[in-house]
Chemist: 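Sending over a structure as structure tokens; questions will come in a sec.
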Amino acid sequence: MASKREREVVDRVEDEGLDNESKRQRLDDNSSPSPPPVSIANPLSGLANNYADIDEEEDYVRRERSSVNERRNDGSQHNGHRYGEADDSDEEDDSHEQFSGRNNRQVEVRKDCPYLDTVNRQVLDFDFEKFCSVSLSNLNVYACLVCGKYYQGRGKKSHAYTHSLEAGHHVYINLRTEKVYCLPDGYEINDPSLDDIRHVLNPRFNAKEVEQLDKNKQWSRALDGSSYLPGMVGLNNIKETDFVNVTIQSLMRVTPLRNFFLIPENYQHCKSPLVHRFGELTRKIWHARNFKGQVSPHEFLQAVMKASKKRFRIGAQSDPVEFMSWLLNTLHADLKTSKKNTSIIYECFQGELEVVKEIPNKVIADKKENSEDQNNGEKLSDGINERNAFVKETSKMPFLMLGLDLPPPPLFKDVMEKNIIPQVPLFNILTKFDGETVTEVVRPHIARMQYRVTRLPKYMILHMRRFTKNNFFVEKNPTLVNFPVKNLELKDYIPLPTPKENDKLRSKYDLIANVVHDGKPGEGFYRVFVQRKSEELWYEMQDLHVSETLPHLVALSEAYMQIYEQQQ
């Protein structure tokens with residue numbers, strides 16, 4: 001009898017105390033139709049099924065009981081008679097008593113726990129994905145605060161419970177709710193000495209702390225005794241991910257972008273895992289109470305691989321310029337609201353170009369030739385002149401990054417039989433955007449282009465085109481670009497739009513990040529020079545390596561991508 005079977009299933013689920021995933025699977029296998037899914041409001045719902053903290057068994061059993069009762073009522077109406085007979089009603093009463101007893105049960109909260117001295121902060125690492133080390137599930141995951149491993153659930157059949165008995169490790173923190181429990185006893189621990197662990201698991205900033213970040217000159221000390229500067233921590237190179245590290249370190253210098261992502265409430269409406277992972281990484285980089293002096297971008301890289309459909313992935317070297325362009329456009333698409341096509345990305349980086357495109361007038365020339373053929377070849381010379389004509393198209397185009405063309409390197413060696421490394425001032429290659437210099441392009445079709453900047457962004461990203469690709473190999477241009485670290489005045493070199501009334505033309509920029517490439521194309525590596533605003537000092541960062549450097553050394557490198565900040 002189906003109704004009796006359903007009650008047996010619910011009783012068995014309650015008695016065994018299975019974790020959420022097992023309970024749901026058991027019910028799905030033994031009952032039909034299945035209960036409707038429970039919706040939990042969480043911006044990361046698509047990423048990990050909300051990391052559902054449903055080891056509070058009474059909540060789950062209560063929902064299962066209500067869903068079973070609904071099916072019973074449906075069945076009684078369908079069969080046309082009152083549900084159940086005498087012996088069935090007795091079973092239902094027993095079941096109701098069991099359920100009500102379970103619902104009245106509450107988790108004991110204690111301030112004293114004899115096992116707190118076993119907590120080992122040295123082994124705790126919350127930078128990796130929250131998956132159970134046994135079941136590989138991301139539901140209801142706990143971290144053992146004694147050995148640092150992740151386990152699922154805390155019921156009597158759960159992996160965390162089993163680990164507590166086998167290894168004698170008793171203190172666990174729920175990675176989503178941040179509640180700490182003692183297993184196998186099952187009570188919750190309420191002790192303020194564990195707050196530092198919660199802050200490392202989920203760093204928090206308030207508005208006042210965010211405002212003071214660029215004024216803070218104080219070093220922080222990790223558990224191993226090493227010192228680090230918040231915001232200047234190294235990033236693990238997991239496997240050929242230096243192109244991601246230099247991009248992240250560069251974006252961390254963009255103050256409005258950093259401040260936006262330090263406060264999760266600013267993007268809580270967004271459901272994109274990439275946005276939330278980028279926010280978590282930002283908070284970890286700028287957190288002043290980390291247990292170690294470096295951060296692993298592992299979770300962020302997993303979100304990147306998924307969002308880019310493995311265009312950017314661990315173990316494959318990529319171009320930081322391509323990654324920067326993809327990341328900014330993807331974050332903008334995820335953050336923008338339906339009403340306005342704007343976001344913190346566009347507010348920081350978007351400028352505008354006036355583009356004049358001259359296209360060869362082939363269509364008119366072809367028509368002219370056809371008409372001349374019909375007129376026995378008359379006016380043939382006019383048709384030849386027509387081939388050289390161009391049609392002009394003027395348009396406005398937004399941009400997030402400006403690409404600068406380097407002059408070709410010399411083909412000959414000097415008297416010392418060494419290659420001459422040419423140098424070019426930044427202002428020479430900026431003439432591409434003076435509205436007069438003609439740039440010839442062949443893709444998607446042959447055309448002559450003229451560019452003029454009509455709106456300057458607050459943060460300007462420049463990209464030097466060092467690499468050229470053909471069908472056989474990639475060639476790198478070693479030309480050094482001479483650029484000012486401070487006070488780059490654009491109005492002296494390119495025409496700029498006249499500001500509106502009561503507005504001031506802000507055309508002076510300071511360098512805040514400089515990404516460079518060392519080595520041969522396809523084999524080299526990336527590093528970045530960044531500025532620390534609180535002391536106006538420059539640091540060289542290459543993965544985990546962070547060291548102070550001199551400003552004049554920043555310019556003696558093969559600059560590949562730069563971020564300039566507009567002076568206010």
Chemist: Check for a donor-acceptor pair, side chain of N477 on one end and backbone N or O of P407 on the other, with a separation under 3.5 Å.
Modeler: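 Checking the backbone N and O of P407 against the side chain of N477, a donor-acceptor pair under 3.5 Å is found.
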Chemist: Is it true that a side-chain atom of N290 and a backbone atom of K284 form a donor plus acceptor pair closer than 3.5 Å?
Modeler: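 Yes; at least one donor-acceptor contact below 3.5 Å.
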Chemist: Are the side chain of Y267 and the backbone of F261 linked by a donor-acceptor contact shorter than 3.5 Å?
Modeler: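 Checking the backbone N and O of F261 against the side chain of Y267, a donor-acceptor pair under 3.5 Å is found.
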Chemist: Any pair with a residue in residues 226-252 that passes ring pair (Phe, Tyr, Trp, His ring centres under 6.0 Å), sequence neighbours left out, goes on the list, sorted by first then second residue, please.
Modeler: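 The answer is F243-F323.
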Chemist: Do R277 and F300 form a cation-pi contact, if we require the NZ or CZ to be under 6.0 Å from the six-membered ring centre and within 45 degrees of the ring's axis?
Modeler: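 Judged by the rule (NZ or CZ under 6.0 Å from the ring centre, within 45° of its axis), R277 is not positioned above F300.
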Chemist: Any side-chain heavy-atom pair from Q152 and V134 closer than 4.5 angstrom?
Modeler: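 Not in contact.
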Chemist: Can you tell me which residue among I248, V254, T255 is in a side chain to side chain contact (heavy atoms under 4.5 Å, CB included) with M252?
Modeler: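 Testing M252 for a side chain to side chain contact (heavy atoms under 4.5 Å, CB included) against I248, V254, T255 leaves exactly one candidate, I248.
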Chemist: Could E209 and R204 be called an ion pair, given the rule that one side-chain N must be under 4.0 Å from one carboxylate O?
Modeler: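 No, no charged N to carboxylate O under 4.0 Å.
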Chemist: Go through the structure and list residues passing side chain to side chain donor-acceptor pair (under 3.5 Å) with R253, not counting sequence neighbours.
Modeler: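 Result, side chain to side chain donor-acceptor pair (under 3.5 Å) vs R253: Q249.
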Chemist: State whether E548 and R532 are salt-bridged, where the test is any N-O pair (Lys NZ or Arg NE/NH1/NH2 against Asp/Glu carboxylate O) under 4.0 Å.
Modeler: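 Between R532 and E548 there is no salt bridge, as every charged N stays at least 4.0 Å from the carboxylate O atoms.
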Chemist: Could you tell me how the ring of Y509 sits relative to the ring of Y564: parallel (under 30°), tilted (30 to 60°) or perpendicular (over 60°)?
Modeler: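 The arrangement is perpendicular - the two ring planes meet at more than 60°.
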Chemist: Using a cut-off of 6.0 Å, state whether more than 12 heavy atoms not belonging to Q568 lie near its atom CD.
Modeler: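 Result for CD/Q568: enclosed.
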Chemist: Evaluate salt bridge (charged side-chain N to carboxylate O under 4.0 Å, His left out) for K476 paired with E558, printing each intermediate quantity in order.
Modeler: CA-CA 11 Å; K476 179 183 176 182; E558 297 179 3; 2.5 Å; yes
Chemist: Hey, is K486 close enough to E565 for a salt bridge, meaning N to O under 4.0 Å?
Modeler: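 Salt bridge between K486 and E565, a charged N being under 4.0 Å from a carboxylate O: no.
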Chemist: Just to verify, what does R258 make a salt bridge (charged side-chain N to carboxylate O under 4.0 Å, His left out) with, not counting sequence neighbours?
Modeler: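 Residues passing salt bridge (charged side-chain N to carboxylate O under 4.0 Å, His left out) with R258: D214.
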Chemist: Does this structure show an ion pair linking K208 with E211, if we count only N-O contacts that are shorter than 4.0 Å?
Modeler: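 Salt bridge flag = no for E211 with K208.
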Chemist: For the CG atom of D543 and the CG atom of N245, what is their distance to the nearest 0.5 Å?
Modeler: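 Between D543 CG and N245 CG, I get 5.0 Å after rounding to 0.5 Å.
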Chemist: Test your reading of the model: is there a side-chain donor-acceptor pair from E352 to the backbone of V453, 3.5 Å cut-off?
Modeler: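 Absent.
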Chemist: Could you walk me through whether L257 and I344 pass side-chain contact (heavy atoms from CB on, under 4.5 Å), step by step?
Modeler: CA-CA 6 Å; L257 184 73; I344 186 64; 4.0 Å; yes
Chemist: Counting only heavy atoms not in R313 (residues, nucleotides, ligands), do more than 12 fall under 6.0 Å from its CZ?
Modeler: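 No, because the 6.0 Å sphere around CZ of R313 holds 12 heavy atoms or fewer from other groups.
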Chemist: Does a side chain donor of either H170 or S164 reach within less than 3.5 Å of an acceptor in the other side chain?
Modeler: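 Side chains of H170 and S164: no pair found under 3.5 Å.
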Chemist: Can you list the residues that meet the side chain to side chain donor-acceptor pair (under 3.5 Å) rule with T330, with sequence neighbours excluded?
Modeler: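 With sequence neighbours excluded, T330 shows a side chain to side chain donor-acceptor pair (under 3.5 Å) to W326, given in chain and number order.
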Chemist: Mind checking side chain to side chain donor-acceptor pair (under 3.5 Å) for K149 and listing every partner two or more places apart, or none if nothing turns up?
Modeler: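 By the side chain to side chain donor-acceptor pair (under 3.5 Å) rule, K149 matches no residue at all.
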Chemist: Check this for me: K292, atom NZ, are more than 12 non-hydrogen atoms of other residues, nucleotides or ligands nearer than 6.0 Å?
Modeler: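 Counting other residues, nucleotides and ligands, NZ of K292 exceeds 12 neighbours.
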Chemist: Any side-chain donor-acceptor pair under 3.5 Å between N487 and Q567?
Modeler: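 Result is yes, a qualifying pair exists.
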Chemist: Is any side-chain N of the basic residue among R527 and D242 closer than 4.0 Å to the acidic one's carboxylate O?
Modeler: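 No salt bridge links R527 with D242.
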Chemist: Please enumerate all residues that pass side chain to side chain donor-acceptor pair (under 3.5 Å) together with N482, with sequence neighbours excluded.
Modeler: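 Scan of N482 (side chain to side chain donor-acceptor pair (under 3.5 Å), adjacent residues dropped) gives Q423.
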Chemist: Could you state the interatomic distance from CD1 (I429) to CZ (F483), rounded to the nearest 0.5 Å?
Modeler: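 That separation rounds to 10.5 Å.
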Chemist: Taking side chain as C-beta onward, heavy atoms only, is Q566 less than 4.5 Å from D510?
Modeler: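 In short, these two side chains do not touch, never coming nearer than 4.5 Å.
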Chemist: Going through the checks in order, is the ring-ring contact (aromatic ring centres under 6.0 Å, His included) test met by F467 and H517?
Modeler: CA-CA 11 Å; F467 301 102; H517 179 268; 5.1 Å; yes
Chemist: Which heavy atom in L511 sits nearest to a heavy atom in P484, and how many Å separate them?
Modeler: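 Closest heavy-atom pair between L511 and P484: CB-O, 4.5 Å.
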Chemist: Could R289 and D196 be called an ion pair, given the rule that one side-chain N must be under 4.0 Å from one carboxylate O?
Modeler: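 No salt bridge links R289 with D196.
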